[in-house]
Structure formats: C-alpha cells, structure tokens
Amino acid sequence: MEVGKGISESDVSRAIIEGFTKDLMEYTRTDVVIVGSGPAGLTAAKFIAETGVKTLIIERNIYAGGGFWQGGYLFPKTVVEAPAQEVLLDMGIEMEEVKPDLYVADSFKVVAKLLASVADSGAKLLNSTYVDDLIYKGGRIGGVLVNWFPITQMPKFITCMDPIALESKVVIDATGHEASMASRAAKVLGFEIKGHGHLNVEEAEREVVKNTKEIAPGLITCGMATASVFGTPRMGPIFGGMLLSGRKAAETALEILKSKAIAQER
Ligand code: 48H
C-alpha cells in the first residue's frame, strides 16, 4: 500500500477538529478535575480514574509530568522513600535501593510509566490549558474556568478573551508551589495561604501527606500545593510525599463523591 494515498489535507484537519471538539464537549461536565499534572496530580488521577470515576487533568504546559522530569540540580534521577516505592512498583517501575527504605530510578522511566498508567486508568489530559479561576455556587467549588495557555502569554491589550467553564463535583489543586486554586479560594472565602517553609525532609514529607484534605467544600489540595497552603517545610528533590499525597487526595475525592451520591439518593 502506498503511504498517504487518498488522504486529503482537510481529512487530517477534520480528524483533529472533530476528535478534540467531541472530547471537550464530553468533559464540560465531569466528576473530578485535577489542576496540574506533576507527580501528585498524576498519582491522584490514576487512583481516581481506575475506579471508573470520570477524571480530567488540566495542564498549562504542552507536556505532562511537572517537576517529575528532573531530580535535583537538573539531574534526571527520581528519589522516593518507603512506603511510596510501592506506588511505583505497582506500575512496573523498578527502583534501586540506595540505602534501607530509600530508592532511586531514572526520571524518564518513572514519568513514562506513570503517564502510561494514568492513560490506562481512563483519565483524560487537557494540555496547553490554563486554569484561570474556580466556579463557586451553592457554597461549594463546582468546577474551573479555562483558557488556552498561549492566551495568558499575549499582551494584555489583545487578550480580552474570556475563559470557558468546565463543571465538576470535585476540584483537586495539584498546581505545585503556586497553589493557585487554593489561592483563588482563599481570596474569595477569606482564609490564609501561608507559603511553604524552609527545607526539612522528614517533617515536610510527614506533613504534606497529613495535610492533604478538602480545604473548602469541593476543593482538595495535594502535593507541594498542600505545603504552600499549610506553611509546612519544603522537602527538596524527594518525591515519596508527592505520590502518597496524590493517593490520599484520590481517596478523599472518592469519599466526597460517595457522600454526595448518598445525599442525592435520600
Ligand atoms: C494549569 C497549572 C496551573 C494552572 C500550575 O510542580 P509540580 O510538579 O507539583 P507537585 O505538587 O505534583 O510536585 C511538586 C514537585 O515537583 C516539587 O516541586 C517538589 C517536591 N519540590 C520540593 C521543594 O522543596 O521545592 O506540578 C504542578 C503542575 C505543573 O506542571 C504546572 O505547569 C501545573 O501544575 N500548573 N496547570 N493551570 N493554573 N498552575
């Protein structure tokens, strides 16, 4: 068979436009929106979507993975501590134990397999998309407002382009250091975002998992965003806390969805 024979340029355009529009329509209303595709957001997505819950990850970058592509100092090695290695082992990611309970692997392999596992879980990724704000109605966060990321980079005088809204039952802020969803909620609902503290691996890892929770009705934080919200220390280039925080955010989201479903049945 001759490659490219019988395919017109507009066939290619139609496949892209129809395919993307169909997906976007499908996700105007979803169960869970996860803002940010770093290690915490991706882990949360995997554990939620694999239960059959409709899950949308929104990422402003063209690529997913956030800070997981590099270890420290631009060296692409991923370090995790026990018991978080179990999350990676379950995805078929082999790690070398460098000392008891401390593991290292190539960042490329870790991210590639994590992304494959998220794709297999059924979660959807909307990339190059910036989450600008939250929907707030009936005393709950009810979704997000999104725009193309390139629009945010354009000069202000040509950017009066309103975002569009995507409704969801739960939003997870996995935006890393910025905690941008929590910051928006804090302004509107009147609570304080502390900003993370100095480096202390043990305390940071413990606290980031402990504080992963629903911080406003319908809004959960995970990963570095949680450290920023609660003012707990940073952990530097170790990722066990991010994975376990993502998993806990997933458990929290599933509990919220369950209690909402029970309330609706009544
Ligand atoms: C769409 C957005 C928006 C937005 C941000 O930074 P991340 O990797 O976040 P985590 O929490 O999964 O992992 C943190 C880790 O990478 C790290 O920085 C650590 C452990 N630091 C320790 C230390 O001491 O410094 O990913 C966040 C993602 C990124 O891909 C952003 O592009 C994306 O969120 N993002 N996407 N709309 N408004 N804001």
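First listed ligand is number 1; within each ligand, the first listed atom is number 1.
- Counting heavy atoms only, G236 comes closest to atom 22 (C) of ligand 1 of the residues G236, G41, S183.
- In summary, the atoms of ligand 1 found under 4.0 Å from a heavy atom of G36, numbered by their order in the structure, are 28 (C), 33 (C), 34 (O).
- Closest approach of A165 to I135, counting heavy atoms only: CB-CD1, 4.0 Å.
- We find the NZ-CZ distance between K113 and F108 to be 10.0 Å, quoted to the nearest 0.5 Å.
- The closest side-chain heavy-atom distance from I93 to K109 is not below 4.5 Å.
- A side-chain contact (heavy atoms from CB on, under 4.5 Å) with L126 is found for one member of L166, V33, I57 and no other, namely L166.
- At a heavy-atom cutoff of 4.0 Å, ligand 1 is contacted by both the backbone and the side chain of P39.
- Cluster membership check: L88 shares its hydrophobic cluster with V118, using side-chain heavy-atom separations under 4.5 Å among Ile, Leu, Val, Met, Phe, Trp and Tyr.
- When non-hydrogen atoms are compared, ligand 1 lies under 4.0 Å from the side chain of V35 (C-beta onward) but not from its backbone.
- Residue-level proximity to ligand 1 for M235 is carried by backbone and side chain together, each with a heavy atom below 4.0 angstrom.
- Side-chain atoms of T78 and S107 include a donor-acceptor pair closer than 3.5 Å.
- Residue M181 places no N or O, backbone or side chain, under 3.5 Å from any N or O of ligand 1.
- Of all the heavy atoms of A174, the ones lying under 4.0 Å from any atom of ligand 1 belong exclusively to the backbone.
- Residue contact annotation: H177 has a non-hydrogen atom under 4.0 Å from ligand 1.
- The distance criterion of under 3.5 Å between nitrogen or oxygen atoms is not met by A225 with respect to ligand 1.
- By the criterion of a heavy-atom distance under 4.0 Å, the side chain of M242, and not its backbone, is placed next to ligand 1.
- Using a 4.0 Å cutoff on heavy atoms, L42 does not count as a contact of ligand 1.
- Neither the backbone nor the side chain of F149 comes within 4.0 Å of ligand 1, counting heavy atoms alone.
- Heavy atoms from other residues, nucleotides or ligands lying under 6.0 Å from CD of E94 number 12 at most.
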